[in-house]
Amino acid sequence: MADPAQALWHELEALDRPTLAALFADPARLDRYCSTLDLPGGAIRFDWSKTHLSPDVERVLGAIAATMDLAGKREQLFDGALINNTEGRAAEHAAERCVGSPTSVVEAEALHARMKGLVEAIHEGLLGDVHSLIHIGIGGSALGPALAIDALTRDGADVVVHVVSNIDGCALEDAMMACDPATTMIAIASKTFTTTETMTNAASALDWLREGGVDDPYGRVVALTASPDKAVEWGVDETRVLPFNESVGGRYSLWSSIGFPIALALGFDAFQEFLDGAAAIDRHFLETPLETNAVVRAAFADLIYTQARGCQTRAVFAYDERLKLVPDYLQQLEMESNGKSVNAAGEPLTRPSAPVTWGGVGTDAQHAVFQLLHQGTHLIPVDFLAVKIPGHDLDPLHHHILLSNCFAQGAALMAGKAAAEGDSLGGARAYPGNRPSATMLCDECNPATLGALVAFHEHRTFVSAMMIGINPFDQFGVELGKAIAKQIDSGSGEGFDPSTNALLAAAGIGA
Ligand code: F6P
């Protein structure tokens, strides 16, 4: 089936391209493209005015949204419809935040109550002395907890959490060296409870407890999973299995029992605040008309660059050390969701899908990669994330310099600078400018704000997917490599290409 919006995408490509400076000739621009949402953890200012959004662009993207039934798809998402059509599932992460179909919300609340019970039992010492938790999971079962723990535990934690994802034993060994087996619990976080890396690390962690003198190592294990039967079969006592719903995707699962380490480190009330912050964004996304919706606006700007300006990447820089894992988190969210080359019906896409998401932390990145952003031949839209209140007690000068630099980068990307007259090497010192950026400025970095930021990006990713007609909720692209690794491990491979065969021989592994 031809892309029903193809002609409109061509219209988007063919629109006049006023510069950002020209667009700012409209005195209403800042009000139109910058909105401040009052959220449970404090306000977040979403400033998209330094992008090439314009009434013309919005008219065409609005027509594409109508053609692709974006508003209808948004309803379906929150109603628990089987929007993940290739896997025959709903995508009910918002129900975990109490925004969704009533049945799923009730179910999620019951599962959260179970998790709260276990968290409180551990805090009350009913499972013995627990000072540390080694959280073992990978991908969506690790990146969310790692982000939240890193961002929110600067001032200490009830239980110290170490997130271990990689199969490389160095990762688990590092965590083991920082913990005492006598006072450590292990969380095995896996939606499927079959992932090789996680199950291998879990077995080694169990050995470590045993060798460390723990009489009942299984008694120190908690399972966070949508496959509770498999966890029980593996040996986890049913009372310490915290299930979550199959309709919550792995990279959307930190709101479910996968968030157990967040609740254990910060207390369940803080975890509830995290959910509440996300729920406020759910309601904004669901209830605000597309034209004034901050989430839709962000996705529309993304689409200008990916669909009409040939941009293959988007960069995200956190100007706050607490948010340094945001780029990693968004990489999985956006690339695993929208990195597809077929539409939801399995037909080849006629348009680009997701850009590559990459980034880092400011100001470090300014001294490493910003050269290319300012003067390279690539056009790379940039997101800046900043927080008004610092996370430290040092001289306020630190934060002043941090924020000044953040805002200076956006200003410089947009304004550019012509070469000085008579400068024979003028080209080398000129900045083209007219380079887009968006800025998210949070009042505070707290559980509710972080929840809001993550939910904002979940829905931003969803809008982009709906606009180009793909299913963002499957990830079949990860399977082939896993299957080949299994063949190699089991020695059942029939022989691979000459390069792979030689690598296996050189490393001394395989058949
Ligand atoms: O390999 C990709 C993936 O399936 C992700 O989508 C998922 O978050 C991760 O692996 C971990 O899967 P699980 O939670 O089932 O262990």
Side-chain angles (χ1 to χ4, degrees), residues 39-40 70-119 140-141 143-145 148 189-192 224-228 241-260 262-263 268-288 293 295 329 332-333 336-337 447-448 450-463 465-466 471-475:
L39 299 163
L70 174 61
K73 294 281 171 30
R74 178 178 60 173
E75 292 289 326
Q76 289 176 24
L77 174 73
F78 286 97
D79 283 351
L82 301 185
I83 199 147
N84 176 358
N85 66 307
T86 51
E87 297 183 303
R89 286 183 199 147
E92 296 192 285
H93 39 286
E96 299 288 319
R97 285 105 68 150
C98 290
V99 187
S101 87
T103 328
S104 303
V105 167
V106 168
E107 203 179 320
E109 281 179 328
L111 294 174
H112 280 146
R114 183 182 166 91
M115 169 167 145
K116 182 175 185 219
L118 184 57
V119 166
S141 294
L143 288 162
S190 176
K191 180 174 177 181
T192 55
L224 321 171
T225 184
S227 309
V241 175
L242 298 177
F244 65 95
N245 202 307
E246 188 70 53
S247 63
V248 177
R251 55 192 168 277
Y252 302 87
S253 64
L254 75 170
W255 320 102
S256 71
S257 64
I258 295 289
F260 168 78
I262 308 171
F268 196 86
D269 288 351
F271 184 69
Q272 186 62 54
E273 288 166 22
F274 183 59
L275 300 178
D276 293 344
I281 289 290
D282 290 331
R283 285 191 293 273
H284 171 83
F285 175 51
L286 179 61
E287 293 162 8
T288 310
N293 198 305
V295 173
Y329 182 83
Q332 185 197 26
L333 174 65
E336 195 168 69
S337 296
L450 186 68
L453 279 176
V454 173
F456 178 86
H457 285 91
E458 287 178 348
H459 295 319
R460 178 181 181 176
T461 306
F462 172 78
V463 172
M466 296 305 109
N471 173 9
F473 298 116
D474 63 17
Q475 60 284 318

Quick check: does any side chain N or O of [X] sit under 3.5 Å from a backbone N or O of [Y], one acting as donor and the other as acceptor?
{"X": "Thr225", "Y": "Ser190", "value": "yes"}
{"X": "Ser257", "Y": "Leu242", "value": "yes"}
{"X": "Asn245", "Y": "Ser247", "value": "yes"}
{"X": "Arg114", "Y": "Val241", "value": "yes"}
{"X": "Asp282", "Y": "Val99", "value": "no"}
{"X": "Gln332", "Y": "Gly140", "value": "yes"}
{"X": "Lys191", "Y": "Ile258", "value": "no"}

- Query: Mind checking whether Phe473 and His93 have parallel, tilted or perpendicular rings, split at 30° and 60°?
  - Reply: tilted

Working to the nearest 0.5 Å, report the span between [atom1] of [X] and [atom2] of [Y].
{"X": "Phe244", "Y": "Glu107", "atom1": "CZ", "atom2": "CD", "answer": "12.5 Å"}
{"X": "Met466", "Y": "Lys73", "atom1": "CE", "atom2": "NZ", "answer": "6.5 Å"}
{"X": "Leu77", "Y": "Ile83", "atom1": "CG", "atom2": "CD1", "answer": "5.5 Å"}

Closest contact, heavy atoms only, [X] versus [Y]:
{"X": "Tyr329", "Y": "Gly144", "answer": "CE1-CA, 3.6 Å"}
{"X": "Pro472", "Y": "Phe462", "answer": "CG-CD1, 4.4 Å"}
{"X": "Glu92", "Y": "Ser104", "answer": "OE2-OG, 2.6 Å"}
{"X": "Leu254", "Y": "Pro145", "answer": "CB-CD, 4.4 Å"}
{"X": "Leu450", "Y": "Ala148", "answer": "CD2-CA, 3.7 Å"}

- Query: Can we say Arg97 and Glu458 salt-bridge, meaning some charged N sits less than 4.0 Å from an Asp/Glu carboxylate O?
  - Reply: yes

Taking side chain as C-beta onward, heavy atoms only, is [X] less than 4.5 Å from [Y]?
{"X": "His457", "Y": "Arg460", "value": "yes"}
{"X": "Asn293", "Y": "Arg74", "value": "yes"}
{"X": "Ser101", "Y": "Asp79", "value": "no"}
{"X": "Ser337", "Y": "Tyr252", "value": "yes"}
{"X": "Leu286", "Y": "Glu75", "value": "yes"}

- Item | Set of residues satisfying side chain to side chain donor-acceptor pair (under 3.5 Å) with respect to Glu246, sequence neighbours excluded | Arg89

- Task: With sequence neighbours left out, write down each residue that passes side chain to side chain donor-acceptor pair (under 3.5 Å) with Thr86, or none if nothing qualifies.
- Result: Asn84, Asn471, Asp474

- Message: Glu109 vs His112, test: side chain to side chain contact (heavy atoms under 4.5 Å, CB included). Steps then yes/no.
- Response: CA-CA 5 Å; Glu109 281 179 328; His112 280 146; 5.6 Å; no

Please tabulate, one pair per line, all N/O donor-acceptor pairs under 3.5 Å involving side-chain atoms of residues 268-281, not counting sequence neighbours.
from, atom 1, to, atom 2, distance (Å)
Gln272, NE2, Asp276, OD1, 3.0

- Task: I would like to know whether Glu96 and Ser256 meet side chain to side chain donor-acceptor pair (under 3.5 Å); could you show each step before the answer?
- Result: CA-CA 6 Å; Glu96 299 288 319; Ser256 71; 5.0 Å; no

